[in-house]
Amino acid sequence: MIENIEKKMLAYALKNAVEHEGKCQSGAVLNPLFHEGLDKAEVKNIMPKINEVVKKVNSMSLDEQKKELEETEKLISHRKVRAEDELPELPDVPKTGVVMRFAPAPSGALHVGHAISNVISSLYVEKYGGKFYVRIEDTNPEKTDKNAYQTIKEDCDWLFGNVTEYIIQSERLELYYSYAKKLIEKNAAYVCTCSQEDFKLKYADKMQNCPCRDLDNKEQEKRWQKMLDKKGYAEGEAVLRFKSNMQHKNPAMRDFPLARISLKEHPKQGTKYRVWPLMNLSVSVDDMELGMTHVIRGKDHHDNAERQKMIFEIFNKPYPWTFFMGRIKFSDLKLGKRHIKAAIESGEFSGWEDEKLPTLVSLRKRGFNPIAFKKFSIQRGLTSVDKVMDSKEFFAILERFSKE
RNA sequence: GCUCCUAUAGUCUAGAGGCCAAGGACACUGCCCUUUCACGGCAGUAACCCGAGUUCGAAUCUCGGUGGGAGCGCCA
């Protein structure tokens, strides 16, 4: 039985009446009672009482209703709503706070797209306490820009203001190697010497195992050593693959690669290493090692997260709570590094900090306040809905938030 | 082709089966304030993609359709 049921009926009736110019409806009194635990078998008994209360309330003046509501309001429950200037709560937040990250590739300057999808992580660390890592993912010697390390650091200090630590993946290669070795030992990875084309057309597309997959552990370890060995496999001759399932219904999940050989000189490591981890290996290792609790990333990483989860499972580690943010696409702006780079080279822009460019360096120079990004992020909250906007609209919003 | 995500006003969103007669913000309209602009205050217009199903009850759950988006790299 519901406690104080008569008073609650009155309170709900008053609430409804006050919200609707002094007139309440019986449904608005009955419905919330179900929510309080009313059994539908009791409806018959209770309806007459509700009708009485409704009649009584409707005969009162609006002022009387308001006054009485004040007295009874605490009896009834209210819908929870998220305050407009607050982030939605994250689940499973440890007492020690959250550990989150932003993981850019140093292939060029950071732009508004990065800011939009990552400021929210920084805000959560601000909200709950914990750690916020910026992890520079420079495991592709071919695409790493030497100058990007410094600008990323400057941009992130300006934009977030609460970076716990900067981590550079190219300094952690031995760590990734040790995990690669463990995966081979656990029979969860193998060295594949098939050509890219064969692997896709003959095996992945046809859901067939490639011959390398079934070689025993000893042979796999030998092959792995041969990848590492300067006199071993040549570039493109072998790749370390995760042993997932070649019959996986999602083609993106079938024995994806974990590491490859690249002889290109790395801006920080030179030619010291020849085997470079691919993101799914290095990201998994780092997220495990750093104890990531929550990850908010772009929707485009949905399948990667699924792959990383498989790696976590091999090591019996719980996968962090993950949210996939919808992407903001600019109808009139090309954010791709390739496009910007090409445009700079062709002389269309003077450089990454050209004021016509939506890079963070440029915005900093133009005097934007990073608070604007924070407000934009809070208003958007956690959503996996994509949004197409033009730069004019976007900058109008930023300007408005800047002024506030 | 296969896998997956998603759908609330012009825009961004709140919303976890009844307390939704759908809330807020921006934009818009009107009024007030102000010498003007900005700010502020008050009022107003405006939305649950479509179709079935489950239920006493669906914006909310399920299925189908449609629209939008992502992935299927030795990039991240």
Side-chain angles (χ1 to χ4, degrees), chain A residues 8 11-13 15-16 19-21 23-25 27-36 38-41 43 73 76-86 88 103-107 135-144 169 192-197 199-200 204-205 207 227 233 235-241 248-254 256-262 275-280 282-283 297-307 324-329 337-338 375-389 393-394 396-397 400-401 403-404:
Chain A
K8 280 183 178 170
Y12 282 116
K15 177 173 181 255
N16 186 236
E19 278 166 9
H20 296 97
E21 294 161 349
K23 297 289 169 215
C24 67
Q25 291 177 353
V29 182
L30 180 65
N31 285 338
L33 292 178
F34 283 114
H35 209 240
E36 303 248 8
L38 179 73
D39 195 277
K40 52 179 172 177
V43 172
E73 200 166 17
I76 61 177
S77 63
H78 293 269
R79 271 174 185 264
K80 279 176 206 151
V81 286
R82 180 186 134 214
E84 64 184 271
D85 56 350
E86 261 176 48
S107 52
R135 190 172 64 212
I136 299 182
E137 309 218 321
D138 59 342
T139 54
N140 183 356
E142 284 130 62
K143 288 191 179 169
T144 300
Q169 286 192 320
C192 176
T193 55
C194 302
S195 72
Q196 257 183 91
E197 202 189 355
F199 186 83
K200 180 173 165 50
D205 287 353
M207 294 189 174
M227 277 182 80
Y233 292 115
E235 206 174 85
E237 258 180 14
V239 61
L240 184 71
R241 289 190 182 279
H248 199 292
K249 59 178 181 168
N250 182 353
M253 295 301 144
R254 295 173 197 155
F256 54 89
L258 296 172
R260 51 87 184 241
I261 298 167
S262 172
V275 173
W276 291 90
L278 271 344
M279 67 107 67
N280 285 307
S282 50
V283 165
R297 51 182 10 184
K299 263 165 97 171
D300 48 332
H301 284 300
H302 195 282
D303 285 351
N304 282 322
E306 215 44 54
R307 299 196 261 227
F324 300 98
M325 286 295 286
R327 316 258 297 161
I328 295 203
K329 305 233 311 177
K337 281 168 187 160
R338 247 165 300 156
K375 289 190 174 168
F376 182 86
S377 291
I378 291 170
Q379 186 189 289
R380 199 147 196 259
L382 287 178
T383 175
S384 39
V385 183
D386 300 298
K387 156 83 180 150
V388 182
M389 69 199 311
E393 184 189 354
F394 175 71
I397 293 170
R400 177 162 62 75
F401 284 144
K403 275 180 193 155
E404 283 175 18

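Lettering follows sequence order; numbering is per chain, from 1. Both backbone and side-chain heavy atoms feed into the values below; hydrogens, waters and symmetry mates do not.
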Distance check needed: B/C20 P versus A/Gln25 CD, whole Å only.
12 Å
Please give, in whole Å, the distance from B/U6 P to A/Ile328 CD1?
17 Å
Under a 4.0 Å threshold between the charged nitrogen and the carboxylate oxygen, would A/Lys329 count as salt-bridged to A/Asp386?
no
note: A/His35, atom NE2; B/C20, atom C1'; distance rounded to Å ~ 12 Å
P gap between B/U54 and B/A14, integer Å
30 Å
How close do A/Tyr12 and A/Ala28 get, counting heavy atoms only, and between which atoms?
CB-O, 4.1 Å
Integer-rounded Å distance: B/U6 P and A/Arg380 CZ
14 Å
Going by the rule side chain to side chain contact (heavy atoms under 4.5 Å, CB included), which residues pair with A/Gln25 if we only count those two or more places apart in sequence or in a different chain?
A/Asn16
Integer angstrom distance from the C1' of B/A25 to that of B/U35
31 Å
Would you classify A/Phe34 as touching base, sugar-phosphate or nothing, given that sugar-phosphate means primed atoms plus P, OP1 and OP2, and contacts are heavy atoms under 4.0 Å?
base
Letter by letter from the 5' end, nucleotides 69-76 of chain B scores (B base, S sugar-phosphate only, - none; protein heavy atoms under 4.0 Å) SSBBSBSB
Between atom CG in A/Leu382 and atom C1' in B/G15, what is the gap in whole Å?
15 Å
5'-most by nearest nucleotide on RNA chain B - A/Pro88 or A/Pro32:
A/Pro88
C1' atoms of B/U8 and B/G15, separation to the nearest Å:
9 Å
What is the nucleic acid contact for A/Lys249, judged by heavy atoms within less than 4.0 Å: base, sugar-phosphate only, or nothing?
sugar-phosphate
Hits for side chain to side chain contact (heavy atoms under 4.5 Å, CB included) against A/Asn140, two or more places apart or cross-chain, chain-then-number order -> A/Glu142, A/Lys143, A/Arg260
Contact class for A/Lys23 (heavy atom, under 4.0 Å): base, sugar-phosphate, or nothing?
base
From CG of A/Leu38 over to P of B/G57, roughly how many Å is that when rounded to an integer?
16 Å
Please test A/Ile261 against A/Met227 for side chain to side chain contact (heavy atoms under 4.5 Å, CB included), starting from the C-alpha separation and ending with a verdict.
CA-CA 7 Å; A/Ile261 298 167; A/Met227 277 182 80; 4.1 Å; yes
Got a salt bridge between A/Glu21 and A/Lys23, using NZ or NE/NH1/NH2 to carboxylate O under 4.0 Å?
no
In whole angstrom, give the distance that lies between atom CZ of A/Phe394 and atom P of B/C26.
19 Å
With rounding to the closest Å, how many angstrom separate the C1' atoms on B/G23 and B/G68?
26 Å
For A/Ser107, which contact category applies under a 4.0 Å heavy-atom criterion: base, sugar-phosphate, or nothing?
nothing
Protein-nucleotide distance (A/Arg254, atom CZ; B/U3, atom C1'), rounded to Å:
9 Å
If I compare all heavy atoms of A/His301 with all of A/Phe324, which pair ends up nearest, and what's the gap?
O-CE2, 3.8 Å
Applying the 3.5 Å cut-off to both distances, the Watson-Crick or G-U partner of B/G53 turns out to be B/C61
